[in-house]
Every structure is written in C-alpha cells, then in structure tokens.
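The chain is numbered in sequence order, starting from 1.
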Amino acid sequence: MAAAATMLSIQGDWDQVLREAEGEVWVSCKIPGKPTIRGSLTSKGISSDEVPEVTASEEFVVQEVTKNRITVSCPEENISCTFLSPYASFSHIHEKNVSYLDISSGGDLGVSSSTDQTFKVWETHNTEVKSVLEGHTRDVFSCKFFPSGQEVLSGGLDSLVKVWSVNDGSCLATMKGHRGSILDIAVVADGQNVISSGQDGTARLWDSAQGACIAVVDDSYSPINAIAVAEVGNAVNLGSPKETPSNREVGTEGKLVVLAREDKSLEGVSLHSRQSVFDFEGSDAFNCCTFISSVGVLAGGLDGNIIHVDIRNPKSAVETVSWSETPVLSLVPFRDTYVASYGNGTCYIPLKGSEQVLQLTGPNRQPVFQVAAWKKLVYTCCRDGFIRKYEIPDLG
C-alpha cells in the first residue's frame, strides 16, 4: 500500500471569502505520521484588477494570486499547491445529489443523473435543460454520450441499460439481462455495440439498436464497479475467438476491456475473444478505472490508492499514488495527465514531470462522484447538488 502523500488543503469557498474585507479562510498541511500544520489566509483588500491581496499566517506563504487561482506553500515541509476555483457553479438542474455526468464529444451538451431520480440533457453554455429522459424506475448510476452526441447510454438501480435520443428524450432501446444494479457502462467504437457491468458480477456486450445481449464477456461472483475499453492493437496477445462471432458484433477486434471489481481485482479481458489477458490484485476494492494510453491503465481504490498498470507487464504496478485516505470515486484522462476525484470532495490534476498537483476547489468536504473533461474544461458533480465547471490553465 502506498504511503499517503503530504498534502495542502484550503477552505472550499476561499475565492468568495477572500473577496470580503478582512475575509479569512483556513489552510492546512497534512503530513503522514505527524501533526497537521494549520494556518489561515486573510484578505487585505482587492486590487484595481479585482485580485485579492492576501497574507498568510506564519506557517504558510502565498506565492501567487489571481481571480480564481491561488498558490500556497508550506516552507517547513517544502511543499506547495495551486488551488483553482470553479469558472461557474450551478445547482438548478437537479434538486439533490448529482451522481453522474458526461459531456458530449462536441462539448455543447451535458447529461447528468441525480438521486432525485431525474436524468437530464442540458446545454453547457447556459445550462438550459434540453430534454428530460424518463423511463428508468429507479436511480441512474451511469450515463454516457455516444460519439455522435445524438444518443445517450444509461444504466441504473433497476438493472436496465437504455439508449436515448438527445433531441426528444425518447427511449430508443432497452436492454434486459443483468440480475442486479448496473454499475457502469461503455460505448464500443461508434456505438453499435455497448458494454455494461453490474452488481451481479457480469459484464455484457449488447447490440444497442436491437437491445439484445450478444455475449457475456465476463462472469464472476464479484460486483464489477467500473469498466473501461480501448483499442490496444498488438500491444498484448488478445487471443482468437473459440466460436465464430455474431454478425451483430461490431468493432470489438483489437480492444481490451478492463474490469474493476469489488474483490480487489483488476482484470483485462479481450473483448473479441473473451479471453483473460491479465489479472492484477490491488490493496482494496476498485471503484473506477480508465485508460490513459493504449497500454496504460489507472484504477482507483476504496483505500484512496491510484495504481498505474502497464498492460504489457501487469504483474506489478508502474506507480501507486495516494493523495487522500478517502475513496477514489472517478478517474478521467485530461490532456497528458488525468483528473482524480475523492470521497472527501477533493479533485487533483497531477502535473506531469512534477510531484505537484493542481487542486480543484468548491465542494466543502462533499464527495465528488464524477468528473468529465472537454478540451480545457473540467466538469464535476457532487453530493451537494452542484455541477461545477473549471477552466484549466496551461499545466506546462
């Protein structure tokens, strides 16, 4: 298990409080095995370009401040961190926890689900609701756009996988077969085939137009909490199908599906041949996974660990990092790095070639369930009911 890293934290609404006269926010440096260093930042006014003038208590140093970004260091521990506040925050789309979201390939639409049992498509530039997707009888746990941006795939507590029209909100197909909640979904290639994983320990390949199950890709006793699929080509031996594939199976050749399980296992399975390619055992249940390259996979655990596995040599992790002891809830590729969200409300973007991270602020210790990225923008959804939008600066 990776040792937790020394991390700086700041009050979630720092950007608002420091715009007030003598506004004060807390800042801390958590050091594994040592007492946490606690201090404060105080606003001494606003400059002509509307940037707060901020001073720090003796334990900390303010290195840089802009309207929505602040860099703070703790000299005693030789650590610094840049904190970024949201470009926009909105809570009117749903009335309760926002449990999942995705952004279309064109960046113009978002889709999100909530524990208020609403499931909506909305426009990203003004958050106006475009369509309400009605048909699931219980909470929707996962929702993703097809590459075209014209359809949405969903799965939830009612054990159903559905395909929806973005334009009019109609349900185009319903897929039945899982014996428990749908925990994750993925679109294969252009979307003629899709994959789902569930509480019943199965991963299933579907014909999305006909709503028919093509194959059970994997069947185990342990719930599959997350899946990720990618083209890996000849990087690993994917094997050959034992039986002639159905003519409804489209775009599965050369693809690997990674299964993140409750039993601490991370398994790679050839989508075309259904053969196991690797099986990695972690330190706790895996909650999420993603490809960051054709050979690199990240998986986040209940214990806060993020492991990096090279599928060509999966016996041991390339790297294990731990920025929090709370569960990793989502992992999303972003530029040449990634975004990780946690159960304590923190979101980190590691800076490539550096030990530093960019931390996205806003939630006040409320879990950030999901992250979505499009170009320089990152969207998050949180238990506090907010969807937040961040404009990420150059990370170079």
Problem set entry | Results of ring-ring contact (aromatic ring centres under 6.0 Å, His included) for Tyr342 - residues two or more places apart only | Tyr348

Problem set entry | Glu391/Leu377 under side-chain contact (heavy atoms from CB on, under 4.5 Å): CA gap, chis, key distance, verdict | CA-CA 5 Å; Glu391 186 170 342; Leu377 301 176; 4.0 Å; yes

Seminar exercise, completed: Sequence neighbours excluded, the answer for side-chain hydrogen bond (donor to acceptor under 3.5 Å, both in side chains) partners of Ser294 is none

Test item: [X] and [Y] side chains (from C-beta on) under 4.5 Å apart, heavy atoms:
| X | Y | value |
| --- | --- | --- |
| Leu84 | Thr361 | no |
| Asp184 | Lys144 | yes |
| Leu256 | Leu238 | yes |
| Leu266 | Arg261 | no |
| Leu271 | Val188 | yes |
| Cys29 | Thr6 | yes |
| Cys289 | Leu331 | no |
| Leu183 | Phe141 | yes |

Problem set entry | Pair listing, ring pair (Phe, Tyr, Trp, His ring centres under 6.0 Å) test, anchored in residues 259-318, at least two apart |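 For residues 259-318, and leaving out neighbouring residues, there are no ring pair (Phe, Tyr, Trp, His ring centres under 6.0 Å) pairs at all.
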
Exercise. Stepwise, does the side-chain contact (heavy atoms from CB on, under 4.5 Å) test hold for Ile103 with Leu109?
Worked result: CA-CA 6 Å; Ile103 302 297; Leu109 295 175; over 6 Å; no

Problem set entry | CA sep, side-chain torsions, deciding dist, call: Asp310, Arg312, salt bridge (charged side-chain N to carboxylate O under 4.0 Å, His left out) | CA-CA 5 Å; Asp310 187 323; Arg312 298 165 300 183; 2.7 Å; yes

Interatomic distance, [X] atom [atom1] to [Y] atom [atom2] [nearest 0.5 angstrom]:
| X | Y | atom1 | atom2 | value |
| --- | --- | --- | --- | --- |
| Thr174 | Lys162 | OG1 | NZ | 3.0 Å |
| Asn237 | Ser273 | CG | OG | 8.0 Å |
| Ser113 | Asn97 | OG | CG | 10.5 Å |
| His136 | Cys143 | NE2 | SG | 9.0 Å |
| Asp263 | Ser222 | CG | OG | 3.5 Å |
| Leu358 | Phe334 | CG | CZ | 9.0 Å |

For the student: nearest non-hydrogen atoms of [X] and [Y], plus distance:
| X | Y | result |
| --- | --- | --- |
| Ala285 | Lys264 | N-CG, 3.7 Å |
| Ala226 | Asn287 | CB-O, 3.5 Å |
| Glu267 | Asp218 | OE1-OD1, 3.7 Å |
| Ala372 | Asp102 | CB-CA, 4.1 Å |
| Ile224 | Ala203 | CD1-N, 3.9 Å |
| Ile387 | Cys381 | CG1-CB, 4.4 Å |

For this session: Show your reasoning for whether side chain to side chain donor-acceptor pair (under 3.5 Å) applies to Ser330 and Ser341.
Result: CA-CA 5 Å; Ser330 71; Ser341 74; 2.7 Å; yes

Exercise. Using the benzene-type ring in the case of Trp, are the ring centres of Phe90 and Trp122 under 6.0 Å apart?
Worked result: yes

For this session: Answer yes if the ring centres of Tyr379 and Trp374 are under 6.0 angstrom apart, and no otherwise.
Result: no

For this session: Evaluate the criterion side-chain contact (heavy atoms from CB on, under 4.5 Å) for residue pair Ile195 and Val229; output intermediate values, then yes/no.
Result: CA-CA 9 Å; Ile195 313 170; Val229 62; 4.2 Å; yes

Quick one about [Y] and [X] (side-chain donor to acceptor, distance below 3.5 Å, no hydrogens or angles considered), yes or no?
| X | Y | answer |
| --- | --- | --- |
| Thr118 | His94 | yes |
| Asp13 | Gln11 | yes |
| Ser80 | Ser73 | no |
| Asn68 | Ser85 | no |
| Asp303 | Ser283 | yes |
| Ser170 | Trp164 | no |

For this session: Applying side chain to side chain contact (heavy atoms under 4.5 Å, CB included), name anything that partners Arg335, two or more places apart in sequence or on another chain.
Result: Lys376, Ile392, Leu395

Seminar exercise, completed: side chain to side chain contact (heavy atoms under 4.5 Å, CB included) filter on Lys30, not counting sequence neighbours, yields Thr36, Glu325

Problem set entry | Verdict with reasoning, Val121 to Val129, per side-chain contact (heavy atoms from CB on, under 4.5 Å) | CA-CA 6 Å; Val121 175; Val129 174; over 6 Å; no

Exercise. Can you name the residues that form a salt bridge (Lys or Arg N to Asp or Glu O under 4.0 Å) with Lys176, not counting sequence neighbours?
Worked result: none

Exercise. Which other residues belong to the hydrophobic cluster containing Val72, where Ile, Leu, Val, Met, Phe, Trp and Tyr are joined when side-chain heavy atoms lie under 4.5 Å apart, directly or via other members?
Worked result: Leu8, Ile10, Trp14, Val17, Leu18, Val25, Val27, Ile31, Ile37, Leu41, Val51, Val54, Phe60, Val62, Val65, Ile70, Ile79, Phe83

Exercise. Mind checking who shares a hydrophobic cluster with Val250, ILVMFWY linked at side-chain heavy-atom distances under 4.5 Å?
Worked result: none

For this session: Walk me through it: do Gln117 and Ser114 pass the test side chain to side chain donor-acceptor pair (under 3.5 Å)?
Result: CA-CA 6 Å; Gln117 296 195 347; Ser114 168; over 6 Å; no

Problem set entry | CA sep, side-chain torsions, deciding dist, call: Asp219, Thr202, side chain to side chain donor-acceptor pair (under 3.5 Å) | CA-CA 4 Å; Asp219 190 354; Thr202 67; 5.8 Å; no

Just grab all the salt bridge (charged side-chain N to carboxylate O under 4.0 Å, His left out) pairs involving [range], residues at least two apart or on different chains.
| range | result |
| --- | --- |
| residues 235-253 | Glu249-Arg274 |
| residues 45-63 | Glu50-Lys67 |
| residues 220-239 | Glu231-Lys255 |
| residues 84-98 | none |

For this session: Indicate, with yes or no, if Val152 and Leu101 share a hydrophobic cluster defined by side-chain heavy-atom contacts under 4.5 Å among Ile, Leu, Val, Met, Phe, Trp and Tyr.
Result: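 As far as the 4.5 Å side-chain criterion goes, Val152 and Leu101 are not connected within one cluster.
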
